[in-house]
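Hydrogens, waters and symmetry mates are skipped; everything else that's a heavy atom, side chains included, is used.
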Amino acid sequence: MLIGPAASGKSSWAAEHFADNQIVSSDALRAVVGEGEHDLRASADAFTVLGQIVSSRVRRGLTTVVDTLGMDAEPRAGWRELARAAGMPCVAVLFDTSAAECRRRNIARDVSVPADVIGNQLRRWPAIRDAVIAEPWDDLLTPEPVVVVPSALVQRRPASSTASEPAPSPPAGVSVAGVIVGLHLSSFDWPGGRQAVAEHLRSIAAQAEAVGVDHIWMMDHLRQIPQIGAAWSDIPEPYVSLSWLAAVTERVRLGVLVSPAFRHQPAVLAKQIATLDVLSGGRAMCGLGVGWFAQEYSAVGLEFPTVDQRYAHLEDALQALPLLWGKGSPRFTGTTITIAEALCYPRPIQQHVPVIVGGSGERRTLRLVARYADGCNLFGEPDVVARKVAVLTRHCAEFGRDISAVDVSHLSTVLIGRDRDEVATKIERLRPKRMGAERFARDVNAGTVADHHERARRLIEAGARTLIVRLVDVADDGAVERVGDLIERLR
């Protein structure tokens with residue numbers, strides 16, 4: 001909400017910092033519903049249309065700059081109420097330009113505001129300014145340069161918009177020194193088609209190792225999930241793919257995030273992961289979950305069990321896999337399976353293969369994590385992560401475990417640029433044609449290295465110790481290197 005007398009600089013400031021389609025101007029709308037921007041007889045109709053446009057944009061969660069005088073208290077209160085009903089912040093930008101400067105600018109206009117009108121506005125302004133300052137805005141700004149970023153990347157404190165300046169010190173009590181960074185590969189629509197997949201995988205993995213990535217993860221689906229691509233998009237089998245990566249990497253750990261436990265008989269899955277561990281020299285990880293994408297199974301004639309049955313499969317797998325990888329050949333009797341001799345050869349090189357559970361259900365999933373697993377994988381923003389970690393802590397206490405024994409990882413889709421211009425260019429190139437730039441930026445957490453560094457610090461503060469990113473432009477030149485820039489800042 002831009003607030004200030006005529007000629008105080010509102011429209012010029014808005015045009016400098018926002019896209020045309022983000023600005024809703026009462027002057028511009030007079031030209032739509034009347035004879036021109038200065039047709040004051042069309043003001044009532046213009047404000048009616050303005051209200052409809054703002055309501056529609058706010059309902060869709062779109063950044064909206066309301067460029068009117070903003071000098072009446074009742075409309076200001078209405079905009080705040082509208083924003084809060086939509087779960088959006090409402091920010092006032094106060095244009096406290098001197099009366100002399102407003103008059104000078106007004107005289108210089110092709111069509112000036114009548115002297116008595118602007119004089120009345122300027123006489124009222126000091127009282128209006130004090131009232132605005134006292135009102136309950138989510139933020140109150142002066143007309144300095146601003147940057148619009150997805151809400152997940154909003155800075156808590158001033159930070160550089162470039163990757164070249166030094167990072168601020170971490171919050172008190174928060175250590176970023178031991179943070180682990182993983183790369184999640186989930187989309188394979190890369191240049192060159194199927195013939196180039198192997199080389200792209202090799203190249204991406206080599207770059208990831210070079211810039212300090214610790215883990216490489218893949219998905220376990222029979223078809224591509226709708227959040228990422230069309231059902232007919234290529235999605236390689238993960239364990240075969242990870243075996244290829246084991247041969248072309250030396251350091252990164254390798255795993256599937258995550259395999260549906262009901263679809264993998266524990267003895268077979270144990271063999272796959274143990275073999276991967278041997279071929280990689282002890283770098284395998286195991287990711288398990290209950291599964292969720294029913295359509296991929298019904299499409300190929302496979303049963304998708306009930307949620308209770310899927311949880312039973314998961315709990316059996318969490319108990320059976322350590323036995324299969326361990327010494328001897330003990331018998332295992334679970335809810336869904338009985339294994340007469342739990343053995344697996346070759347045995348893993350690692351003494352203990354880490355088992356990560358995907359999902360954040362507070363009543364069942366996190367309780368299984370606390371009882372059986374080495375880690376969990378969460379989604380969401382820092383407030384959500386902090387809540388889940390608090391629940392996990394209580395479950396751990398129930399089983400006599402310390403929360404520090406459980407690695408909390410966080411997965412999110414990201415688009416990283418070195419500066420604002422690069423971010424904007426990537427958004428325009430990568431966004432679907434029917435999706436607006438703002439929505440796409442929000443969906444992929446598009447921001448600079450500095451933005452992602454700040455978000456990473458908040459996630460760490462919330463309890464995450466491993467940060468896993470899915471790069472929407474992973475096959476592009478420089479994409480993995482920008483993850484390296486983030487890692488350098490974190491460490």
Next item on the list: May I ask you to test the T466-I468 pair for a side-chain heavy-atom distance under 4.5 Å?
Entry: yes
Margin query: If I compare all heavy atoms of D477 with all of R482, which pair ends up nearest, and what's the gap?
Written below: O-NH2, 4.0 Å
Checklist line | Flag, side chain of R465 to backbone of V408, donor-acceptor distance under 3.5 Å | finding: no
Next item on the list: For residues I273 and Y239, determine if any side-chain heavy atom of one lies less than 4.5 Å from a side-chain heavy atom of the other.
Entry: yes
Next item on the list: Decide yes or no on side-chain contact (heavy atoms from CB on, under 4.5 Å) for V384 and L378, but give the supporting numbers first.
Entry: CA-CA 9 Å; V384 175; L378 305 176; over 6 Å; no
Margin query: Between W325 and L321, is there a side-chain heavy-atom distance shorter than 4.5 Å?
Written below: yes
Note to self: Regarding K426 and E422, does a basic nitrogen lie under 4.0 Å from an acidic carboxylate oxygen?
What the structure shows: no
Margin query: Once side-chain hydrogen bond (donor to acceptor under 3.5 Å, both in side chains) is applied, do any residues pair with S11, and if so which ones, sequence neighbours excluded?
Written below: D67
Notebook entry, point to check: Given side chains that start at C-beta, do those of L94 and T142 come closer than 4.5 Å, heavy atoms only?
Noted result: no
Next item on the list: Examine distances only and state if a side-chain atom of Q319 and a backbone atom of E315 form a donor-acceptor pair shorter than 3.5 Å.
Entry: yes
Checklist line | Heavy atoms from other residues, nucleotides or ligands near CD of E488 exceed 12 (cutoff 6.0 Å) | finding: no
Next item on the list: Report yes if some heavy atom in the side chain of P354 is under 4.5 Å from a heavy atom in the side chain of R253; otherwise report no.
Entry: yes
If you look only at distance, which donor and acceptor atoms sit under 3.5 Å apart when one is on a side chain in residues 19-26 and the other is two or more places apart or in another chain?
from: Q22; atom 1: OE1; to: A19; atom 2: N; distance (Å): 3.1
from: S25; atom 1: OG; to: D27; atom 2: N; distance (Å): 3.3
from: S25; atom 1: OG; to: A28; atom 2: N; distance (Å): 3.2

Next item on the list: Inspect the surroundings of CD in Q351 and state if more than 12 heavy atoms from other residues, nucleotides or ligands are less than 6.0 Å away.
Entry: no
Checklist line | Ring-face cation contact, W137 with R80, 6.0 Å cut, 45° max | finding: yes
Next item on the list: Taking all heavy atoms of T97 and all of S8, pick out the closest pair and write down the distance.
Entry: OG1-O, 2.8 Å
Next item on the list: Check whether any side-chain N or O of H452 sits under 3.5 Å from a backbone N or O of I416 as a donor-acceptor pair, and report yes or no.
Entry: no
Next item on the list: Test S12 against E16 for side chain to side chain donor-acceptor pair (under 3.5 Å), laying out the working first.
Entry: CA-CA 6 Å; S12 298; E16 183 178 357; over 6 Å; no
Compile the donor-acceptor pairs under 3.5 Å between side chains in residues 181-193 and protein atoms, sequence neighbours left out, one pair per line.
from: S186; atom 1: OG; to: R470; atom 2: NE; distance (Å): 2.7
from: D189; atom 1: OD2; to: S233; atom 2: OG; distance (Å): 3.4
from: W190; atom 1: NE1; to: S187; atom 2: O; distance (Å): 3.2

Margin query: Strictly distance-based, threshold 3.5 Å: is any side-chain N or O of R401 a donor or acceptor partner for the main-chain N or O of T393?
Written below: no
Next item on the list: Check whether any side-chain N or O of E381 sits under 3.5 Å from a backbone N or O of D383 as a donor-acceptor pair, and report yes or no.
Entry: no
Checklist line | Any residue meeting side-chain hydrogen bond (donor to acceptor under 3.5 Å, both in side chains) with D476, in chain and number order, not counting sequence neighbours | finding: R429
Check: Closest approach of C376 and V406, non-hydrogen atoms and distance?
Finding: N-CG1, 4.3 Å
Checklist line | Ring centre gap for F262 and Y297 strictly below 6.0 Å | finding: yes
Note to self: If you define the side chain from C-beta out and look only at heavy atoms, does anything of L276 sit under 4.5 Å from S243?
What the structure shows: yes
Checklist line | N/O donor-acceptor pair under 3.5 Å between R283 side chain and T249 backbone | finding: yes
Item checked: Residue pair D451, R420: steps toward the salt bridge (charged side-chain N to carboxylate O under 4.0 Å, His left out) verdict -> CA-CA 10 Å; D451 293 331; R420 298 293 174 198; 2.5 Å; yes
Item checked: Backbone N/O of V290 and side chain of R310: donor-acceptor pair under 3.5 Å -> yes
Check: Is there a donor-acceptor contact under 3.5 Å from the side chain of S259 to the main chain of A261?
Finding: no
Notebook entry, point to check: Between the side chain of N445 and the main-chain N/O of T413, is any donor-acceptor distance below 3.5 Å?
Noted result: yes
Margin query: Is it the case that the side chain of S55 and the backbone of Q52 share a donor-acceptor pair, with hydrogens and angles ignored and the cut-off at 3.5 Å?
Written below: no
Margin query: When you compare the side chain of R84 with that of E81, does any pair of heavy atoms fall below 4.5 Å?
Written below: no
Check: Heavy-atom count around R223 CZ within 6.0 Å, excluding the residue itself: above 12?
Finding: yes
Note to self: Tell me whether E362 at atom CD has more than 12 heavy atoms from other residues, nucleotides or ligands lying less than 6.0 Å away.
What the structure shows: yes
Next item on the list: Any chance you could lay out the salt bridge (charged side-chain N to carboxylate O under 4.0 Å, His left out) test for E398 and R367, step after step, and finish with the verdict?
Entry: CA-CA 9 Å; E398 178 186 350; R367 194 169 188 274; 2.5 Å; yes
Next item on the list: Provide the closest heavy-atom pair for A14 versus L2 in the form atom of the first, atom of the second, distance.
Entry: CB-CD1, 3.8 Å
Next item on the list: Tell me, please, which residues at least two apart from F95 pass ring pair (Phe, Tyr, Trp, His ring centres under 6.0 Å).
Entry: W13
Margin query: Between D374 and H352, does the side chain to side chain donor-acceptor pair (under 3.5 Å) criterion hold? Intermediate values first, please.
Written below: CA-CA 10 Å; D374 301 293; H352 179 81; 2.9 Å; yes
Margin query: Just so I know, are the side chains of R57 and E438 near enough to count as touching, which here means a heavy-atom distance under 4.5 Å?
Written below: yes
Notebook entry, point to check: If every non-hydrogen atom of V353 is compared with every non-hydrogen atom of A284, which pair is closest and at what distance?
Noted result: CG1-O, 3.8 Å
Checklist line | Selection residues 470-491 - residue pairs positive for ring-ring contact (aromatic ring centres under 6.0 Å, His included), sequence neighbours left out | finding: none
Next item on the list: Tell me, with the steps shown, if E461 and R457 meet salt bridge (charged side-chain N to carboxylate O under 4.0 Å, His left out).
Entry: CA-CA 6 Å; E461 188 176 8; R457 288 155 50 86; over 6 Å; no
Item checked: For M219 against Q224, the heavy-atom pair lying closest together -> CE-OE1, 3.4 Å
